Novice: 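Handing you a structure now.
Please read all numbers here as calculations on a predicted model, not as lab measurements. Chain letters run A, B, ... following the sequence lines, proteins first and then strands; every chain starts at 1.
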There are 2 protein chains.
Amino acid sequence: MPKKLYSDIYDTLKQEINKQVYQPRNTLPGEEELASRFDVTRNTVRRALKELQSDGLVYAVKGRGVVVLEPIRDDRVVFQAENTEGFEALRNFPQNKFIQRLSTDVLTFEEVEVDEELEKLTSFNTGDVAYFVERLRLFDGKALAVDNSYFRKSLLGDMTREDAEKSIYEYIRDNGLFKIAAERSTTTVESATKRDLQVLDVGDMNCVGALTKFVYTDTGRLFEHTQTRYVPNHFSMVDFKSF
Amino acid sequence: MPKKLYSDIYDTLKQEINKQVYQPRNTLPGEEELASRFDVTRNTVRRALKELQSDGLVYAVKGRGVVVLEPIRDDRVVFQAENTEGFEALRNFPQNKFIQRLSTDVLTFEEVEVDEELEKLTSFNTGDVAYFVERLRLFDGKALAVDNSYFRKSLLGDMTREDAEKSIYEYIRDNGLFKIAAERSTTTVESATKRDLQVLDVGDMNCVGALTKFVYTDTGRLFEHTQTRYVPNHFSMVDFKSF
DNA sequence: GAGTGGTCTAGACCACGGT
DNA sequence: CCGTGGTCTAGACCACTCC
C-alpha cells in the first residue's frame, strides 16, 4: 500500500515531532537506526529527512545528528499559508475558511500583440499574441488585490472571457493543453499607481505589495506573466532556508 | 581535485545552459548518458540535476526528459539578489557594487527581559534576557531600512554596543559561539508606524515592507528575531517553485 | 575511537510519454 | 514498444563532532 516509502516516513516523523515524541533541541535517532525501524535503506530515510529540513522542522549537523528546531508561534490572520500560488490555489485550499468570502471580477479581457516594451515586462517575444486579463480579487466585497496577467495565446488557443471568469487553470486542465511545471516570482513594495487607487480599496495607503510571477509549462515554455498588486496588511509570504 | 562530483557536474551543466549548448525548450541528454559522460553513477547526475531544478533552470518530466526552461530577463536595480539574508550578507556579496555606499547606524542597544508580549513576537521564552538592537541601514546617506532585532543573551554572552556596531555575526564567529543553521522568514506590507516615519526616509510613502526573520543555531536553538522594515521601491525578493 | 551525517557506486524495478 | 525520469536497495568510504 505505501506507494512512496520516503513520504510515509516523512509523515510519520513529522507527526512525532509535532507530538513532541522528539523534542526541540534534541536529535532524532540516527539515520541507521531509523532505517532499521522503518525497514528501508539509509538513503530512503535521508530523503525523508531532507524534506523535513526543507520544511524547517529539523536541521542536520554532520557528526552530531539531526536536530529538532524550536518551533515558532505564528498567529497570522488572513491568507496565511498561501502565496505565490495565486488566488486560484487559495480558493482550493481545503483548510481555507474564507473561500465563501472570496470572489473575482474580470475587469479587462483582451488580446494584445507583444511589443518591445511588453517584451521587457513579460519576457515573451515581440510579435507574440497574448491575452491580457485584469482580475479584481474581493474579500467580503473589499477589493484587496488585482491581478494583471498576460498569457501566450499560442499555448491557450481560443479562450473566451467566460473561461477567464471561471478559472484559467481549469480551462487548461479541461482542454488537456499542458501541465504547469514551475514558477518564478519576485516580491516588492511599490508606490500605488492611479489604476491601483481606482480599483483597489487601499484606504489611505499610498503603496501596494507587488508579486510578479512567471509560470512555465512542462515543455519549458514561459506561458504566463502575472503581477498581483495587493493592499497592505492582508498578505504574508513564508520562506525557509538552511545553510 | 574535485571534492564534490555532483557540484562539478552542476557547474558544468549550468555553464552549458547559459552558453546555449542546450537550448530552451529542448531536453538535456538522458541521465544515463550524462552519467557515462561524467563517469559517475546516475544518482550523482540526478543530484546535480535536482540542484539545477531548484535554481529554476530546468524541469524534469517523467517519460520525456529534463527540459531547459526559457530564461527570464530581469533588470532589477538596487538590492537585486539579496534578501532574507540581511545587510550583513549584502555587504559581503562580492558582486555587490554598492558596498561603499552602504552604512549602518546603531540607534538603540539595550538588554530587555522577555515578557508575555515579547514572547508572542519573538517566540523566545518569558523570563529570557535578550539584547534589543535597532540598526538603521543607510544607502548614500538615505535611511532605507531599519532592523529591530532581538538576540538571546544566553547564547551570546556579554556583547557590547561596539560589537553590534561592527557585525554581530562576526562577533559570533570570532568567539566560536555556534554556527547559523537556518532561518525562517515572512514578508508583508504594513502601515508605517510613528517610529518608521521618524527614522526612515520614506518620503511621502505611508507604508513599509516588513521582513520578519527567525534564525536558528546549529543546535536547534532559536536565537535571533529580526524585523526589517524598509522603504518601498528599493527591494525585491526572488523565489522559485517547481511542482 | 565511536558515532554521526555527507558522498558515491552499481545495481534493480517501476510509471510514464511518445512511437 | 522503447526510452525517459522516479524510487529503492545494499553496500562503501570519508569528514566531522563529541567524549
Side-chain angles (χ1 to χ4, degrees), chain A residues 1-11 13 22 25-54 57-69 176-182 217-221 242-243, chain B residues 1-11 13 22 25-54 57-69 176-182 217-221 242-243:
Chain A
M1 184 190 38
K3 273 274 183 55
K4 280 183 268 187
L5 297 181
Y6 74 83
S7 90
D8 285 353
I9 298 171
Y10 164 84
D11 289 337
L13 291 177
Y22 306 114
R25 296 173 39 203
N26 292 340
T27 63
L28 297 184
E31 297 180 344
E32 208 73 66
E33 189 177 334
L34 288 173
S36 75
R37 168 181 164 194
F38 291 105
D39 202 36
V40 296
T41 7
R42 221 186 109 206
N43 272 326
T44 304
V45 168
R46 281 177 63 68
R47 192 148 175 191
L49 291 175
K50 205 168 182 183
E51 213 140 299
L52 287 172
Q53 175 157 338
S54 74
L57 291 176
V58 303
Y59 181 73
V61 187
K62 190 185 328 196
R64 183 181 297 142
V66 177
V67 181
V68 179
L69 297 178
L177 295 178
F178 50 80
K179 286 180 186 164
I180 302 299
T217 71
D218 65 349
T219 55
R221 307 191 73 147
S242 49
F243 307 111
Chain B
M1 185 190 37
K3 274 271 184 57
K4 279 183 264 183
L5 296 181
Y6 74 83
S7 90
D8 285 353
I9 297 170
Y10 165 83
D11 290 336
L13 292 176
Y22 306 116
R25 298 172 37 202
N26 292 340
T27 62
L28 296 183
E31 297 180 345
E32 208 73 66
E33 189 178 334
L34 287 173
S36 75
R37 168 181 165 196
F38 291 106
D39 202 36
V40 296
T41 1
R42 220 186 110 207
N43 272 326
T44 304
V45 168
R46 280 177 64 68
R47 192 148 174 190
L49 291 175
K50 204 168 182 184
E51 212 140 301
L52 287 171
Q53 175 157 339
S54 74
L57 293 176
V58 303
Y59 181 72
V61 188
K62 190 181 332 191
R64 182 182 296 141
V66 177
V67 181
V68 180
L69 297 178
L177 295 178
F178 50 78
K179 286 180 187 162
I180 303 299
T217 72
D218 65 349
T219 54
R221 306 191 72 146
S242 48
F243 306 113

Novice: What is the distance from CG of A:L49 to P of D:dC8, rounded to the nearest Å?
Specialist: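 After rounding, the gap between these two atoms is 14 Å.
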Novice: Can you identify which nucleotide, out of D:dC8, D:dT17, C:dC8, has its nearest atom closest to the A:R64 side chain?
Specialist: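 Shortest atom-to-atom distance from the side chain points to D:dT17.
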Novice: Do A:L52 and A:L57 make a side-chain contact, defined as non-hydrogen atoms from C-beta onward lying under 4.5 Å apart?
Specialist: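 When only atoms from C-beta onward are counted, A:L57 and A:L52 do touch, with a gap below 4.5 Å.
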Novice: Would you mind reading off the distance between B:Y59 atom OH and C:dG17 atom P, rounded to a whole angstrom?
Specialist: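 So the two atoms are 11 Å apart, to the nearest Å.
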Novice: Check the distance between D:dG6's P and A:D218's CG and give it to me in whole angstrom.
Specialist: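 After rounding, the reported distance stands at 12 Å.
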Novice: Would you kindly give the OH-to-P distance between A:Y6 and D:dT9, to the nearest whole Å?
Specialist: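 Roughly 13 Å, once rounded to whole Å.
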Novice: Within the structure, does a side-chain N or O atom of B:R46 lie under 4.0 Å from either OP1 or OP2 of D:dG6?
Specialist: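 Yes, such a contact exists.
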Novice: Is the side chain of B:E31 donor-acceptor paired with the backbone N or O of B:V45 at a distance under 3.5 Å, no angle test?
Specialist: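 Side chain of B:E31 to backbone of B:V45, a donor-acceptor pair under 3.5 Å: no, none is there.
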Novice: Rounding to an integer number of Å, can you tell me how far A:E33 CD sits from C:dA2 P?
Specialist: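 These atoms are roughly 19 Å apart.
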Novice: With a cut-off of less than 4.0 Å, is there a side-chain N or O of A:K62 near OP1 or OP2 of D:dC18?
Specialist: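 It does not, given that no N or O in the side chain of A:K62 lies less than 4.0 Å from OP1 or OP2 of D:dC18.
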Novice: Which nucleotide wins on minimum distance to the side chain of A:K4, given the candidates C:dG5, D:dA10, D:dC8?
Specialist: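 Given the options C:dG5, D:dA10, D:dC8, the side chain of A:K4 is closest to D:dC8.
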Novice: B:T41 side chain to B:N43 main-chain N or O, any donor-acceptor pair under 3.5 Å?
Specialist: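 No: the side chain of B:T41 does not pair with the backbone of B:N43.
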Novice: Using a 4.5 Å cut-off on heavy atoms from C-beta on, say whether the side chain of B:V61 contacts that of B:T27.
Specialist: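 Heavy-atom side-chain distance check fails, nothing below 4.5 Å.
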Novice: Specify the separation, in whole Å, of atom CG of B:L28 and atom P of D:dG5.
Specialist: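 Those two atoms, CG and P, are 8 Å apart.
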Novice: By nearest atom, which of the nucleotides D:dG5, C:dT9, D:dT9 is closest to the A:T44 side chain?
Specialist: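 Taking heavy atoms from C-beta onward, the closest nucleotide is D:dT9.
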Novice: Would you mind telling me which of C:dG5, C:dG17, C:dC8 lies closest to the side-chain atoms of A:E31?
Specialist: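 Closest of the options to the side chain of A:E31: C:dG5.
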Novice: Could you state the atom-to-atom distance from CZ of A:R42 to C1' of C:dT4 in whole Å?
Specialist: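 One finds 8 Å between C1' of C:dT4 and CZ of A:R42, rounded.
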Novice: Choose from D:dG5, C:dG5, D:dT9 the nucleotide whose nearest atom is closest to any side-chain atom of A:L5.
Specialist: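 For A:L5, the side-chain atoms sit closest to D:dT9.
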Novice: Taking the nucleotide of DNA chain D with the closest heavy atom to each, which residue, B:V66 or A:D39, is nearer the 5' end?
Specialist: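 Nearest-nucleotide comparison on DNA chain D picks B:V66.
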Novice: Under 4.5 Å between any side-chain heavy atoms of B:V67 and A:D218, yes or no?
Specialist: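 A side-chain contact under 4.5 Å is absent here.
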Novice: Categorize A:K179 for me: base, sugar-phosphate, or nothing, with a 4.0 angstrom heavy-atom threshold over every strand shown.
Specialist: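 Since only primed, P, OP1 and OP2 atoms lie under 4.0 Å of A:K179, the category is sugar-phosphate.
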Novice: Starting from C1' on C:dG3, measure out to CD on A:E32 and report it in whole angstrom.
Specialist: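 After rounding, the reported distance stands at 10 Å.
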